[in-house]
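Taking it in order: structure first as structure tokens, then the write-up.
In this text the structure is predicted, and so the values were computed from the model without any measurement. As the structure lists them, so they are numbered: ligands from 1, and atoms in each ligand from 1.
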Amino acid sequence: DTALILPRPDELTERARAALGRIGATATAPGPGTLTARTPVTGTDLEPVPATSVAGVDAAIGAATAAFAEWRTTPAPVRGATVRRLGELLVAHKEDLAELVTLEAGKIRSEALGEVQEMIDVCEFAVGLSRQLYGRTMASERPGHRLMETWHPLGVVGVISAFNFPVAVWSWNTAIALVCGDTVVWKPSEKTPLTALACHTLLARACRDTDAPDGLHSVVFGDAEIGSALVDDPRVALVSATGSTAMGRAVAPKVAARFGRCLLELGGNNAAIVGPSADLDLAVRGIVFAAAGTAGQRCTTMRRVVAHSSIVDELTSRIEAAYRTLTVGSPLDAGTLVGPLVDERAYDAMSAALDKARADGGTVVCGGDRVGDTGWYVRPALVRMPTQSSVVREETFAPVLYVMAYDEFDDAIAMHNDVPQGLSSAIFTTDQREAERFLAADGSDCGIANVNLGTSGAEIGGAFGGEKETGGGRESGSDAWKAYMRRATNTVNYSSELPLAQGVEFG
Ligand code: UN1
């Protein structure tokens, strides 16, 4: 209906250039081809960025391998100083980087700032961690022996990231990898090269300011071919890849075939169970942010609600009322809550999912329609489904929320877990038995399980990731750092005897 008021494309290019300029980044490095940075705000081009050749990827891995030889013996707290400097630069350029996130990924300002805050937080976490890479000491079964473990740097980490968290996911991996003594080659999404250039520039400056070795971090730009060059290279010890389950299915066997390590953060199909005792005011707020926020383009976006039959109608109409107040529009406008989909393909996928849902007996309660004819803006869709049919069990990376009813709590848990993905989950209830059951071994099967809050917006302090087709990886806080290091078990004999383990006698 109402046309959107959007900025002019040349204004957006100017804003991108200005933000890059303040960060000190220029897109002028030589390359054989070009990628074009685009903005979903108007669906138009921003700037050309040089693409990296396969030879360029090889050179970046070579440089990272050389830098690793020096970095791995740099004391971890000294490595932490480089990450501390990166954090300071992120604080200083928070607005600039958030502006680029808004321009390239289409996130509203508050969410773009939140994403940069996540980077600052993980840098702080990693600096602390640089003094806490603890191994254990175990009781040896032999007299005069000490048994312990040491954590050593792993090697070159290849980071493959997606458009929807173009900077935070890089920082979770890179800040932790660097304090662990690893070096990094990053392949960002081809949809978000400018934010990647900005991050690389800030880290390069942090390295210069703290005398860290050259080649510690490189960014390579390109499509799947460039990703493959990283994935297939035996010098890349760990491939940390965030994206679709299809991408993970392509990457994991290749890395496994060369006995490399993989850390996968793939699709989610996150649900909330809403029990009969739930505080519905709170549930509606939690559901609406998780389902419609970021225009449904988080891996943690809530895509399903499984609500008790006694409250499902009231809950649905309250969500509908909230959805009708959501402002869809330019993410640069202060009042906007829902920005654009990333591109036409995302819109087509959303439309196809809604058609399938209708064919499966679903009712679109509200939303799903395109707003304006510039860019790909949509109203978040709310859909009542009679059953959890195949379309509900797929991840559609757009704001579609399916609502289903249950009668017995066991059925709610079964329905909750009956999808191939296992990233994030939530229950809204004031019944302690239900809440605890949801968190128990026979409750939610996801990597993240929350009580009385939505599925998205995890804090960096916890380990982030999920099970089943989500890929099993854990990033960010808690002990996720262990994936970025190798463990050596050490036995030291400080006696003058040579007792063998298990009581074995030999000669
Ligand atoms: C993602 O969408 O890839 O929990 C990551 C969240 C954010 C990270 C999402 N902290 O929603």
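- Annotation: atom 4 (O) of ligand 1 to nearest protein heavy atom, A458 N, 2.7 Å.
- The protein heavy atom nearest to atom 6 (C) of ligand 1 is G457 N, 3.2 Å.
- A donor and an acceptor atom, one from each side chain of S277 and T429, are located under 3.5 Å apart.
- Proximity of F397 to ligand 1 is not established, as no heavy-atom distance is less than 4.0 Å.
- Protein heavy atom closest to atom 5 (C) of ligand 1, with residue, atom name and distance, is C299 SG, 3.3 Å.
- Atom 11 (O) of ligand 1 has as its closest protein heavy atom T300 OG1, 2.6 Å.
- Geometrically, ligand 1 and E118 share a nitrogen or oxygen pair separated by less than 3.5 Å.
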Original post:
Can you check side chain to side chain contact (heavy atoms under 4.5 Å, CB included) on K254 and V239, steps first, answer last?
Top reply: CA-CA 10 Å; K254 289 175 151 193; V239 175; over 6 Å; no

**OP:** Determine, stepwise, if the pair F438 / S425 fulfils side chain to side chain contact (heavy atoms under 4.5 Å, CB included).
**Re:** CA-CA 9 Å; F438 185 73; S425 62; 3.6 Å; yes

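- Side-chain N/O atoms of D360 and S389 include a donor and acceptor closer than 3.5 Å.
- Residues E190 and K187 are paired through a salt bridge, judged by an N-O separation under 4.0 Å between the basic side chain and the carboxylate.
- Nearest non-hydrogen protein atom to atom 9 (C) of ligand 1 is F165 CE1, 3.5 Å.
- With a heavy-atom cut-off of 4.0 Å, E459 does not touch ligand 1 at all.
- We find that K356 and E394 are joined by a salt bridge, their nearest charged nitrogen and carboxylate oxygen being less than 4.0 Å apart.
- Contacts with ligand 1 closer than 4.0 Å are made by no heavy atom of F163, backbone or side chain.
- Atoms of ligand 1 found under 4.0 Å from any heavy atom of N164, numbered from 1 in the order shown, are 1 (C), 2 (O), 3 (O).
- Ion pairing between a basic and an acidic side chain is recognised when a charged N comes within 4.0 Å of a carboxylate O; R474 and D479 show no such pairing.
- Each of the following atoms of ligand 1 lies closer than 4.0 Å to a heavy atom of R298: 2 (O), 6 (C), 7 (C), 11 (O).
- Ring-plane geometry between H217 and W186 is classed as tilted, the angle between the planes lying from 30 to 60 degrees on a 0 to 90 degree scale.
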